[in-house]
Amino acid sequence: TPHPGEMSKLTGFTIEQVLKNIIQVPEAFSAKHTVTVLLKDTRSVIVGTDEQVYINYTGSPAMAKAGSGDVLAGIIGGFVAQGKDVFEAAVLGAYIGGRSGELAAQSLSQYGVLAQDIVNSIPYVLNRFSVGH
């Protein structure tokens with residue numbers, strides 16, 4: 001789950017090159033290393049080992065805080081532990097983490113959100129999925 005700066009270090013591309021090629025860079029990295037990549041940014045790009053691509057638009061600038069990536073990794077890990085394949089877990093994690101960040105920012109402002117606030121919003125986002133099911 002690298003952000004553009006981390007992806008730059010992993011690939012040798014500049015941050016600007018990563019941002020100009022937000023699909024191609026993770027695709028190439030995924031193919032070379034046979035891994036699923038979730039490139040975190042304003043739009044997160046998830047690329048699976050079988051060349052599946054998903055672009056996630058949920059999230060908030062309020063999430064640009066220490067620990068937000070750890071929350072995302074925890075959500076993804078939880079889905080993998082429940083038997084989801086890694087690509088599906090990454091897609092679900094990006095969406096749910098992003099919506100949780102949006103929800104936290106609605107009540108706490110763009111400046112007041114901490115990683116724990118994103119965690120605390122997860123049950124409310126998940127509840128929206130499970131109502132009536």
Side-chain angles (χ1 to χ4, degrees):
T1 61
H3 57 63
E6 293 166 333
M7 184 59 86
S8 170
K9 290 179 182 175
L10 289 169
T11 62
F13 291 114
T14 66
I15 294 172
E16 293 75 23
Q17 290 170 319
V18 171
L19 292 172
K20 286 181 182 176
N21 299 284
I22 63 166
I23 295 174
Q24 297 82 0
V25 170
E27 276 181 331
F29 191 87
S30 175
K32 180 177 180 180
H33 299 283
T34 318
V35 295
T36 296
V37 177
L38 191 161
L39 177 59
K40 300 179 296 193
D41 198 35
T42 305
R43 302 165 294 189
S44 293
V45 176
I46 300 107
V47 177
T49 55
D50 59 357
E51 300 180 14
Q52 293 173 285
V53 176
Y54 175 81
I55 300 173
N56 181 68
Y57 290 93
T58 66
S60 163
M63 298 172 69
K65 306 273 178 37
S68 295
D70 297 322
V71 173
L72 173 62
I75 297 168
I76 295 169
F79 282 121
V80 171
Q82 293 176 45
K84 301 284 186 204
D85 72 59
V86 176
F87 179 80
E88 183 179 9
V91 168
L92 289 168
Y95 179 82
I96 291 167
R99 289 290 299 133
S100 298
E102 291 171 354
L103 188 60
Q106 286 175 2
S107 60
L108 299 170
S109 85
Q110 296 289 335
Y111 305 104
V113 173
L114 300 174
Q116 185 63 43
D117 301 316
I118 299 168
V119 170
N120 292 339
S121 296
I122 293 170
Y124 299 103
V125 173
L126 291 176
N127 187 48
R128 293 180 184 173
F129 285 115
S130 61
V131 173
H133 296 275

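What you see below is based on every heavy atom in this structure, not just the backbone, and it leaves out hydrogens, waters and symmetry mates. What you are looking at is a predicted structure, and each value in this text was computed from that prediction instead of being measured.
Taking CG of L19 as the start and CZ of R43 as the end, the distance is 9.0 Å to the nearest 0.5 Å. Once rounded to the nearest 0.5 Å, the distance linking CD1 of I118 with CD1 of I122 reads 8.0 Å. Expressed to the nearest 0.5 Å, how far OG of S121 lies from CD of Q106 amounts to 9.0 Å. Interatomic distance, CD1 of I46 versus OG of S30, reported as 12.0 Å (0.5 Å rounding). Within the model, atoms CG of L10 and NE2 of H33 stand 7.5 Å from one another, a figure rounded to the nearest 0.5 Å. How far CD1 of I22 is from CG of D41: 7.0 Å, rounded to the nearest 0.5 Å.
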Quick one: do L126 and I96 satisfy side-chain contact (heavy atoms from CB on, under 4.5 Å)? Show the steps, please.
CA-CA 7 Å; L126 291 176; I96 291 167; 3.6 Å; yes

Check against side-chain contact (heavy atoms from CB on, under 4.5 Å), V91 and N56:
CA-CA 8 Å; V91 168; N56 181 68; over 6 Å; no

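Residues in residues 95-119 take part in these salt bridge (charged side-chain N to carboxylate O under 4.0 Å, His left out) pairs, two or more places apart or across chains: R99-E102.
No side-chain heavy atom of T36 sits under 4.5 Å from any side-chain heavy atom of Q52. L38 places none of its side-chain heavy atoms less than 4.5 Å from the side chain of V45. Proximity of P2 to K40: side-chain heavy atoms (C-beta onward) are nowhere separated by under 4.5 Å. Side-chain contact check for V25 versus L39: every heavy-atom pair is 4.5 Å or farther apart.
Linking Ile, Leu, Val, Met, Phe, Trp and Tyr whenever their side-chain heavy atoms come within less than 4.5 Å puts L92 and Y124 in one cluster.
Here the shortest heavy-atom pairing between V80 and A89 reads CG2-CB, 3.6 Å. Heavy-atom minimum distance, A62 versus Q110: N-OE1, 3.0 Å.
Contacts of Y95 classified as ring-ring contact (aromatic ring centres under 6.0 Å, His included), with partners at least two apart in sequence or in another chain: F129.
N120 places a side-chain N or O within 3.5 Å of a backbone atom of Q116 that can act as its donor or acceptor partner. Here the side chain of S8 pairs no donor or acceptor atom with the backbone of P4 at under 3.5 angstrom. Without hydrogens or angle criteria, T49 side chain to T34 main chain gives no donor-acceptor distance under 3.5 Å.
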Please tabulate, one pair per line, all N/O donor-acceptor pairs under 3.5 Å involving side-chain atoms of residues 68-79, not counting sequence neighbours.
{"from": "S68", "atom 1": "OG", "to": "M63", "atom 2": "O", "distance (Å)": "2.7"}
{"from": "S68", "atom 1": "OG", "to": "K65", "atom 2": "O", "distance (Å)": "3.3"}

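Between the side chains of Q17 and N21, no donor N or O sits under 3.5 Å from an acceptor N or O.
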